[in-house]
S.K.: 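My questions all concern the structure below.
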Amino acid sequence: MKIKKSRLDYKWVILIACFLMEFVCLGFCSSNPGLYTGAVTEALGIERSCYSIGTSVRYIVQVVVALFFGTLTQRFGLKKLVAVGLTALVGSIFVRCFATNIFHHYIGCALWGIGIVFSGGTMASTVVRRWFHKDIGKVTGIVMSANGIGGAIAAQIISPIINNGETFGYRKAYLLSGIISLAISILILISLRDNPAAEATLTKGTKKPRGALWDGIPFAEVKKKPYFYLTFAMILLTGISLQSVGTISIVYMEDLGLNAGFVATTATVSSLVLTFAKIFTGLTYDSKGLGFTLLVCHTCSITAYLLKANLTNSTAGMVMAMTATVLATIAMPLETVMIPLLSNDLFGSASYTKVLGIFYAANSLGLCLGSPLCDIYRDLTGGSYASCYWFFTGLMIAVTIGFQLVIRAAYKDKEKVFTKEQV
């Protein structure tokens, strides 16, 4: 009697490859740019204001490239674009490593932007969705959680090298990061495949299950839906909000006089919570649905902003600050995990890659606009950052209402699609 050998389902190899891709792209290469700022600007004699323009260059490139993401994936396939993304990412590291002036830095940041689109969350969520046709939220959350792990490991490796006392010590950190990223990138490209050997069928003829795929609405029809543009606006405003308050969080606590060691601890806690927050968001989506998951994230962000707006340099203030840090981190998947889940849940497979690219462009634009916003306000008014938190509390309340209106309108169209399939 022959024993039938079980074969490994290749989708689990794909899951590991996507996890490694996010570990490298969003984690190892993108989570700790601030560690390099002081060392690079001092070594090359560059003003920090000029150096920070590189961040804007990266975001602008992300916006432009993301807008064409759907068209490019349809024309060239996923694996080729992942190869482009990882090559651009590694190239960005080496360009910044050997940069001798600010323009070299800008070129490196432009390559970085290309790398993030083609090997970051946009691409990883698309690959996951092609290989996994149920529990999309859980799988997406697991993959996206890799950036927190990658960032934490990278910080421990590169920080001592950058701060070793050498003027150009940061170049050794870049070089090591580039070599590690190149090695992992080769492993990813060897493992990655464009499509499963046999495509699983999409969910049809049944009540829509949470976290599953559905045929969806063609992009030509999506463009006619008012809630598509409202979703774009809500994602843009979310990006502006999260980036604006995230940028000032540490300096705001320092301005209030909170202990430096405590402030550093809040940053560490945030990194640790982020990994679990992304998995939690995916699991919540699969079990409770899109509307409830968004409401949890929005409620956490609003509560965090209110706590930050009322911070004081006291024991109670420290408790509030730590609570706000945890809650704000739970809301962070709004700019990562939730974007592919929104694209799938609201518009489905027929227009997924195009909608996803446009929504990621909205998010990148929001991050770009949000980065300097609170600092500009403070410079112009001479006031406290606290009023910024009050403003963004009101903004996130409006975003919360807007998303619930979007879901109500989109689900009416979704019900029509499922009704037609049952006929």
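These numbers were taken from a predicted model, which means no experiment stands behind them. This chain uses plain numbering: 1 for the first residue, then up along the sequence.
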S.K.: Quick one: CD1 on I16 to CD1 on I142, what's the gap to the nearest 0.5 Å?
M.R.: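 Reported to 0.5 Å precision, the distance equals 11.5 Å.
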
S.K.: For the side chain of N363 and the backbone of G239, is there at least one donor-acceptor N/O pair under 3.5 Å apart?
M.R.: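 Such a contact is absent between N363 side chain and G239 backbone.
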
S.K.: Roughly how far apart are M396 CE and M234 CE, rounded to 0.5 Å?
M.R.: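 Going from the CE atom of M396 to the CE atom of M234 covers 10.0 Å.
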
S.K.: Check whether any side-chain N or O of S244 sits under 3.5 Å from a backbone N or O of S241 as a donor-acceptor pair, and report yes or no.
M.R.: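 Answer holds: no.
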
S.K.: With side-chain hydrogen bond (donor to acceptor under 3.5 Å, both in side chains) as the criterion, how do R58 and Q62 come out once you've worked through the C-alpha distance, each side chain's angles and the decisive distance to 0.1 Å?
M.R.: CA-CA 6 Å; R58 173 165 65 91; Q62 285 178 220; 3.3 Å; yes

S.K.: Distance to the ring centre below 6.0 angstrom and angle to the axis at most 45 degrees; does that hold for R96 and W112?
M.R.: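 The answer is yes; both the distance and angle limits are met.
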
S.K.: Kindly check if the number of other-residue, nucleotide or ligand heavy atoms within 6.0 Å of CZ (F276) is above 12?
M.R.: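 Atom CZ in F276 is not packed in, count stays at 12 or less.
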
S.K.: Please check: side-chain N/O of S351 versus main-chain N/O of K354, any donor-acceptor pairing under 3.5 Å?
M.R.: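 Between the backbone of K354 and the side chain of S351 there is no qualifying donor-acceptor contact (under 3.5 Å).
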
S.K.: Looking at L342, V355, L356, which one forms a side chain to side chain contact (heavy atoms under 4.5 Å, CB included) with F347?
M.R.: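 Among L342, V355, L356, the one meeting side chain to side chain contact (heavy atoms under 4.5 Å, CB included) with F347 is V355.
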
S.K.: Taking V337's backbone N and O only, do any of them form a donor-acceptor pair with Y285's side chain (distance below 3.5 Å, no angle check)?
M.R.: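 Between the backbone of V337 and the side chain of Y285 there is no qualifying donor-acceptor contact (under 3.5 Å).
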
S.K.: Between Y174 and Y36, what is the ring plane arrangement, given parallel below 30°, perpendicular above 60°, and tilted in between?
M.R.: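 Parallel, since the angle between the ring planes stays under 30°.
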
S.K.: Which distance, rounded to the nearest 0.5 Å, do you find between the CG of L306 and the CG of L311?
M.R.: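 If we round to the nearest 0.5 Å, L306:CG and L311:CG are 11.0 Å apart.
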
S.K.: Taking T266's backbone N and O only, do any of them form a donor-acceptor pair with S270's side chain (distance below 3.5 Å, no angle check)?
M.R.: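 No; judged by distance alone, with no hydrogens or angles, the pair does not exist.
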
S.K.: Within 45° of the six-membered ring axis of Y411 and under 6.0 Å from that ring's centre, is NZ or CZ of K414 located there?
M.R.: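 Yes, K414 lies over the aromatic ring of Y411.
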
S.K.: Which word best sums up how the rings of F219 and F228 line up, parallel for under 30°, tilted for 30 to 60°, or perpendicular for over 60°?
M.R.: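 Aromatic pair F219/F228 classed perpendicular.
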
S.K.: Hey, could you give me the CG/CZ distance between L346 and F359, rounded to the nearest 0.5 Å?
M.R.: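 Separation between the atoms: 6.5 Å.
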
S.K.: Begin from the C-alpha positions of L230 and F403 and carry the test side chain to side chain contact (heavy atoms under 4.5 Å, CB included) through to its verdict.
M.R.: CA-CA 8 Å; L230 182 57; F403 266 123; over 6 Å; no

S.K.: Give the intermediate values and the outcome of side-chain hydrogen bond (donor to acceptor under 3.5 Å, both in side chains) for residues N310 and Y389.
M.R.: CA-CA 9 Å; N310 291 282; Y389 284 101; over 6 Å; no

S.K.: Determine whether L294 and L334 satisfy the following criterion, side chain to side chain contact (heavy atoms under 4.5 Å, CB included), listing intermediate values before the conclusion.
M.R.: CA-CA 8 Å; L294 282 171; L334 284 169; 3.7 Å; yes

S.K.: Going through the distances and angles, do T293 and K288 end up as a side-chain hydrogen bond (donor to acceptor under 3.5 Å, both in side chains)?
M.R.: CA-CA 7 Å; T293 307; K288 298 295 184 180; over 6 Å; no

S.K.: Counting only heavy atoms not in Y10, do more than 12 sit closer than 6.0 Å to its OH atom?
M.R.: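 Enclosed: over 12 neighbouring heavy atoms sit under 6.0 Å from OH of Y10.
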
S.K.: May I have the step-by-step check of side-chain hydrogen bond (donor to acceptor under 3.5 Å, both in side chains) for Y352 and T126, ending in yes or no?
M.R.: CA-CA 8 Å; Y352 178 77; T126 303; 4.7 Å; no

S.K.: State, without any angle test, whether K308 and S249 hold a side-chain donor-acceptor pair at a distance under 3.5 Å.
M.R.: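 Yes, because at least one side-chain N or O of K308 sits under 3.5 Å from a partner of the opposite role on S249.
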
S.K.: Just verifying a value: how many Å separate S343 OG and Y360 OH, rounded to the nearest 0.5 Å?
M.R.: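 Here the interatomic distance stands at 8.0 Å.
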
S.K.: Any side-chain to backbone donor/acceptor pair from S92 onto A88? Under 3.5 Å, distance only.
M.R.: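 Judged by distance alone, no pair lies under 3.5 Å.
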
S.K.: Between S301 (side chain only) and H298 (backbone N and O only), is there a donor and an acceptor less than 3.5 Å apart?
M.R.: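 Judged by distance alone, yes, a pair lies under 3.5 Å.
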
S.K.: Provide the full list of side-chain hydrogen bond (donor to acceptor under 3.5 Å, both in side chains) pairs with a residue in residues 137-158, sequence neighbours left out, each pair given once.
M.R.: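 Non-adjacent pairs meeting side-chain hydrogen bond (donor to acceptor under 3.5 Å, both in side chains): N147-K278.
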
S.K.: Taking NZ in K79 as the centre, count heavy atoms belonging to other residues, nucleotides or ligands within less than 6.0 Å. Is the count above 12?
M.R.: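 Check passes, neighbour count above 12.
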
S.K.: OG/S125 to CZ/R130 distance, rounded to the nearest 0.5 angstrom?
M.R.: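 S125 atom OG to R130 atom CZ measures 11.5 Å (nearest 0.5 Å).
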
